[in-house]
There are 2 protein chains.
Amino acid sequence: MPTTLLIVDDDADVLKAAAAALAATADRVETAATPETLIARPEAYDAVLLDMNFAIGARDGAEGLDVLDRLQAADPALSVVLMTTYGGVSLAVQALKRGAADFVLKPWRNEPLAEAMRAAMALTAERRASGRALNLDDLEKRSIERAMLLYDGNVSHAAAALGLTRPALYRRMERHGL
Amino acid sequence: MPTTLLIVDDDADVLKAAAAALAATADRVETAATPETLIARPEAYDAVLLDMNFAIGARDGAEGLDVLDRLQAADPALSVVLMTTYGGVSLAVQALKRGAADFVLKPWRNEPLAEAMRAAMALTAERRASGRALNLDDLEKRSIERAMLLYDGNVSHAAAALGLTRPALYRRMERHGL
DNA sequence: GCCGCGGTGTCCGGAATCGGACACGTGCCG
DNA sequence: CGGCACGTGTCCGATTCCGGACACCGCGGC
């Protein structure tokens, strides 16, 4: 599956530089001057690098946070990396608490940026996979594995925690190949 | 259930000030000069306010991150708020990405700090509640609710996504009282 | 109109699951 | 040692759950 990155910034030079820096990180790198295309089709991308300030002179990042919120609503699995020039600690904290995958300052160094985007794409992939897996069977398997780990191998306790009887747990473990 | 906060800092004055600021936020507020008691009994607390620098002169926050990691391993549900004087954006980003609930700079303002700790306690409570619920029955119920929301009420599609047949979904919904 | 399509809600015989019970192993304490 | 608490692994009759099938409904299109 080809991977696609989107970079959103109102400064054409920034777009160009970022696209160049990330060209080798994903199969496709798109750029946009506004978040509109992004909000319309968030599922088309594997990760987004998003500038926080669009209005001229804006520097409090409110717009970036707003776009972030709307993206989360539209596609909770998509990882968003925020970037800004005027970033303070409190802005970074807000961004991450609101669900940004990472936060980078302009100007950036290319290698760490690429690394961050790689991590973001991986996170998106993971979340999309586990989101699709609201498959009950699969979910049951994971829970059983967690429970067995948590009670390190003690079948009786794990069964109790999972809310079923010990024979039932044996059966289900076998069914899942554990 | 009485709520308990722990504040960890190597500076006695900081401990005193923070304890005073948070006295009204939780039922009990404990203080400690080192993270040791914390690592030994993380489940005794509902949230932790943790200084990032213990070695004299240390200011890169590595110790705080290290303690954070160990805490996550010991009790993943416990919310940790990190604080530091020498914090830069990158340190804040690292802290949050590693799972800190929030990140505050010294000196702090009392009201936002109290608010942050309240939020952290709420988060801990939530995570503890849903952590206990590795109960399969309960988990199945939540998944079904999610699926029904996602396919807004379409039973057939929801059933397909959950990996079971439509009659089966009807039965389980009834069993869960939905 | 009327057919096809995609949806809902329900039925029932056969198959799978349930859980109490059993046999057994192991470590601990009086 | 004997008792006992706690664990595992397995058996089997009763119970439950499964899912294909059926009847029905509302809607768009020829």
Side-chain angles (χ1 to χ4, degrees), chain A residues 1 39-45 70-78 127-178, chain B residues 1 36-37 39-45 70-78 127-178:
Chain A
M1 192 185 322
I39 292 188
R41 308 188 47 238
E43 58 290 329
Y45 305 101
R70 280 189 281 158
L71 270 176
Q72 298 264 322
D75 182 0
L78 179 63
R127 286 197 289 221
R128 288 203 168 136
S130 74
R132 300 269 182 277
L134 61 110
N135 186 299
L136 284 184
D137 224 33
D138 215 54
L139 199 138
E140 173 177 301
K141 179 174 174 178
R142 291 174 200 227
S143 296
I144 289 177
E145 283 170 341
R146 271 202 306 149
M148 288 299 280
L149 268 192
L150 188 55
Y151 291 98
D152 50 37
N154 184 320
V155 182
S156 303
H157 290 167
L162 291 164
L164 32 81
T165 56
R166 202 162 47 82
L169 180 52
Y170 277 109
R171 278 190 294 274
R172 300 201 183 194
M173 283 174 55
E174 174 144 22
R175 201 149 56 75
H176 289 118
L178 300 178
Chain B
M1 193 185 319
E36 283 161 27
T37 65
I39 293 187
R41 305 190 48 238
E43 59 288 330
Y45 304 102
R70 280 188 282 158
L71 269 177
Q72 299 263 322
D75 182 359
L78 179 64
R127 285 198 289 221
R128 287 200 170 139
S130 74
R132 300 269 181 277
L134 55 99
N135 186 299
L136 283 185
D137 223 32
D138 219 54
L139 197 140
E140 173 178 302
K141 179 173 175 178
R142 292 176 199 229
S143 296
I144 289 178
E145 282 171 341
R146 270 201 308 150
M148 287 301 279
L149 269 193
L150 187 55
Y151 292 97
D152 51 34
N154 185 318
V155 181
S156 304
H157 289 168
L162 290 164
L164 31 81
T165 57
R166 201 162 48 82
L169 179 53
Y170 277 109
R171 280 190 292 273
R172 300 201 183 194
M173 283 173 56
E174 173 144 24
R175 200 149 58 73
H176 293 303
L178 300 178

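Everything numeric in this text was worked out from a predicted model, so none of it was measured. By convention in this document, chain letters (A, B, ...) are assigned in the order of the sequence lines, proteins followed by strands, and residues within each chain are numbered from 1.
Of all nucleotides listed (C:dT17, D:dC11, D:dA21), D:dA21 comes nearest to the side chain of B:Pro167.
The nearest whole Å value for the distance from the CD atom in B:Glu140 to the P atom in C:dT17 is 14 Å. Separating the CG atom of A:Leu169 from the C1' atom of C:dG20 is a distance of 17 Å, rounded to the nearest angstrom. Spacing between atom NE2 of A:His176 and atom P of C:dA16 amounts to 16 Å, rounded to whole angstrom units. The distance from atom CG of A:Leu162 to atom P of C:dG19 is 13 Å, rounded to the nearest whole Å. Note: OH (A:Tyr170) to P (C:dA21) measures 18 Å, nearest angstrom. Atom CG of A:Leu164 is separated from atom P of C:dC18 by 8 Å (rounded to the nearest Å).
The phosphate of D:dT8 has OP1 or OP2 within less than 4.0 Å of a side-chain N or O from A:Ser156. Taking side-chain N and O atoms only, B:His157 has a distance below 4.0 Å to OP1 or OP2 of C:dG7. For B:Asn154, a side-chain nitrogen or oxygen approaches OP1 or OP2 of C:dT8 to under 4.0 Å. Checking the phosphate oxygens (OP1, OP2) of C:dC18, no side-chain nitrogen or oxygen of A:Arg166 falls inside 4.0 Å. Taking side-chain N and O atoms only, B:Arg171 has a distance below 4.0 Å to OP1 or OP2 of D:dC18. Residue B:Arg172 has a polar side-chain atom (N or O) positioned under 4.0 Å from OP1 or OP2 of D:dC18.
Shown here is B:Glu174, whose CD atom has no more than 12 heavy atoms of other residues, nucleotides or ligands within 6.0 Å. At most 12 non-hydrogen atoms from other residues, nucleotides or ligands lie less than 6.0 angstrom from CZ of A:Arg41.
Here A:Ile144 contributes atom CD1 and B:Leu136 contributes atom CG; the two are 6.0 Å apart, rounded to the nearest 0.5 Å.
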